[in-house]
Amino acid sequence: MPDDKYSPKDSEPKWVQYWESEKIFRFDPKSKSPIYSIDTPPPTVSGKMHIGHAFSYTQQDIVARYKRMRGFNVFYPFGTDDNGLPTERLVEKLKNVKGARMERQEFIRLCEDTLKEIRPGFVSDWKRIGMSCDFDLFYSTINEHCRRISQESFLELHKMGRAYRKDAPALWCPLCATAISQVECEDVEKSSTFNDIMFKVDGKDVIIATTRPEMLPACVAVFAHPDDERYKDMFGKKAKVPLFNHEVPILADARADPTKGTGIVMCCTFGDQTDIAWYLAFNLPLKKAIMPDGKMSELAGRYAGLKIADARKAILEDLKSEGLLVKQKAITHAVKVHERCQTEIEIINSKQWFIKFLDLREDMLRWGAELKWHPDFMRHRYDNWVKGLQWDWLISRQRFFGVPFPVWYCKKCDLPVFADKKKLPVDPLKDSPPAKKCACGSTEFLPEKDVLDTWATSSMTPQIVVQLAPKTLRKKLFPMSLRPQAHEIISFWLFNTLVKSRLHYGVNPWKDVALSGYVTDPLGEKMSKSKGNVVEPQVVLAKFSADAMRFWAGGSKLGEDIPYQEKELVAGDKFVTKLWNAAKFAFMHLECFKEGKVSEIMDKWILSRLSEVIEESTSAFDVYEFSRAKFIIERFFWNDFCDNYLELIKTRLYEPKKPEHKTSAQTALSIVLPALLKLMAPITPFITEELYHKYLHASEKKPSIHVCNWPEPPKKDKTTEEVGKIVVAILSAVRKKKSEMKLSMKSPVKKLVVECKNVEVSCDLNAAIEDLKATCCAEIVEFGKGKEEITTEVKITVEL
RNA sequence: GGGCCCGUGGUCUAGCGGUUAUGACGUCUGCUUCACAGGUAGAAGGUCCCCGGUUCGAAUCCGGGCGGGCCCACCA
């Protein structure tokens, strides 16, 4: 048979197509089975899946497939996250345009068109790794459905007094020209210079250290610690700011650290968060030195229009030439940057929408504690984040491609008017405001141009997916069973979703959360394009197979980061081949067989072992420990089943002494092999589907192995356990002996004397004697006398 | 600075109070027409990071180091 090799390259795409056309994973609204609902992460449309995706989505898919076989009606939707800044970036790159320089509606149209173009290819990457989602339960975070839900959420949050608009200092990315939220910042170590600059107080010099001399024009006060003897007599006086010559008060506050710099610090609006605190506490004036585009404002006088970095250079030059720069010291310090573009963040005062939630810290901790975390320690990440919250959630973005705010403002008094809930989704830039008068009597309104933070929408995924199902089912689907996701976005997605669900519905959105780790390069470093250590799943799939990739992904625990090592994929490849061959062998002997009695001891033994394996792997799967389940199944398959059991029964299959000896083996085989395929089906869905259709479809009748029932453990036979262990030990000892003697495993042995050290030879062992003889190619097998405790240690004497 | 995770043969890993410390990859030595050379049998290879403690007994529990990683904070 030339074609009896397995070719995943042909087989896998075939099953992807089959599953889709036969709607194998369709969620059945009419089913009476208990529902297991999954809040699938919508991957950000970036053109391509990366290996980290392949890894973590495989892990959640293993869970979904397992639950399905356990009889749950699995609700497993799929969405793409294609709204907001990342999409703008992608489109700008692909189409070589700049959103800010285009007509807004034209850019939005281009984004939509581009998405339409690339989305199918993007989603097919997910299908290719065997995701068993119901792809008809599909959403895109920018479509009408999601816009409506997102806008509805905003309106409700406003109604309950949580959403507010305020002219306030906010984190700002000058490159993206938008406000951003705390979660979008990250810290980067950068080298900088500490500059000692001379201020004048009563004509005397006071030296102030700063890393940001370009903020001088925005200096509104100078602070020192109340107990600082060096500055005590200056409190209440005025300091003259160098170069700009405006006078600012010298104030006392405990937030000034006497040990830092010269102990006296300038307060600018705004250099950092302490500045904001002082600005609010002392009611200081607001001076904007930096404009939203990252350039200096008119306030900076002759430096106006310069970029921040250039202004810093120019101001330092001028300070130096005027003798006002006393000292410079090179330092490295952490700087807040925008995680998407690595641009240093400014704090700029502007009118923004916020969600008030800092008052809920205690509640947030309680809500988090109510979730079941897998692994459990991940809850600390969440707690840590909640405890460190410093800003209300800023949800407005000065961008173009996103969900619009359903808001207009009165032209006269700037009061907002909100869209009618029934009319959602709306786009204020296109749609007219509700036909109402403003409280001030005006009827003229201006549309809000800002869009919502992407997380304001993606934090609604439980509602987004649940509302894809018929109304009658929604109560059963929500709260959902599981949120699987990557651990690095606990503070983004998990946190925001939890908070919104509590605010809107008063309940947690899910019961369990499962956090996947991420994939590093072989040296344990995070993969990134700049390091050039990125491994692409497409390449992995081409070289190995989706099953091999899944075998690798299924081998590591939830929450564990793993280094990508190609050799791990080799193991998966080998497993697939071995399974193929073992199945081929087994079914070759099961053609036209009639089930009979399992009479032989080794057959009882393998069934007993299978029983154990099913029980253990099932309880591992139940707590999301799929890697442990895989370990258990794999060991059983490879050692017990292939290496030992199949060898033991070969002779009985090929040339049985009595027909019932063969029937016994066949019957055991007909139980073990299908069970094995099913146990592995969640992890390696393609090869198991292929084998199911090749050999089992006719008898089992279900359209796919993935909708078959999970195997039931057969009856255990305790008495076979010891015999099994000893027989395996005997085989091993004989193999060792033959190997030492450089003989073939099939070389005949006249008489095999088994000296059992410390082993009680029971009559049960005699029951295995025929299988032993056949497997060892021995004419006679004799057992020595055993004594005392039972171990598996066996001494072998081979007589030729 | 705070929190969390991790440290087991060359590499990756299982085990988490009593095992001759698991398995894979790699290495070496054999075997080979009857499922599988994409195979099979065997072998070599380990201070279970270090130091204390608890215990009859610790890779496993506790304390303290050292090293790596992640999250958060500070960012005068």
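Quick note on labels: first sequence line is chain A, next is B, and so on, each numbered from 1.
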Heavy atoms under 4.0 Å, any strand shown: does [X] hit a base, just sugar-phosphate, or nothing?
| X | result |
| --- | --- |
| A/E488 | nothing |
| A/T210 | nothing |
| A/N384 | base |
| A/W278 | base |
| A/V570 | nothing |

Q. Would A/Q59 and A/S56 count as having a side-chain donor-acceptor pair, cut-off 3.5 Å?
A.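 A/Q59 vs A/S56: no donor-acceptor pair found between side chains.
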[atom1]-based separation of [M] from [N] [nearest Å]:
| N | M | atom1 | answer |
| --- | --- | --- | --- |
| B/G46 | B/C6 | P | 27 Å |
| B/C70 | B/C31 | C1' | 49 Å |
| B/G9 | B/G65 | P | 24 Å |
| B/A58 | B/G52 | P | 13 Å |
| B/U8 | B/G69 | P | 15 Å |

Below 3.5 Å, does any donor atom in the side chain of [X] face an acceptor in the base of [N], or the other way round?
| X | N | value |
| --- | --- | --- |
| A/D187 | B/C74 | yes |
| A/D383 | B/G3 | no |
| A/K742 | B/U29 | no |

**Q.** Note: A/R212-A/E346 ion pair, threshold 4.0 Å (strictly below)
**A.**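 Yes.
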Q. Aromatic ring centroids of A/F495 and A/F357 under 6.0 Å?
A.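 So the answer is yes for these two rings.
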Q. Less than 6.0 Å separating the ring centroids of A/Y564 and A/F55?
A. no
Rounded to whole angstroms, how far apart are [atom1] on [X] and [atom2] on [N]?
| X | N | atom1 | atom2 | result |
| --- | --- | --- | --- | --- |
| A/K737 | B/U40 | NZ | P | 24 Å |
| A/K574 | B/C25 | NZ | P | 4 Å |
| A/K736 | B/U29 | NZ | C1' | 14 Å |
| A/R735 | B/G30 | CZ | C1' | 15 Å |

Q. Under 3.5 Å, is there a donor-acceptor pair between the side chain of A/E12 and the main chain of A/F686?
A. no
Q: Identify which nucleotide among B/A14, B/G2, B/C5 has an atom closest to any side-chain atom of A/K557, counting heavy atoms from C-beta outward.
A: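 That would be B/A14.
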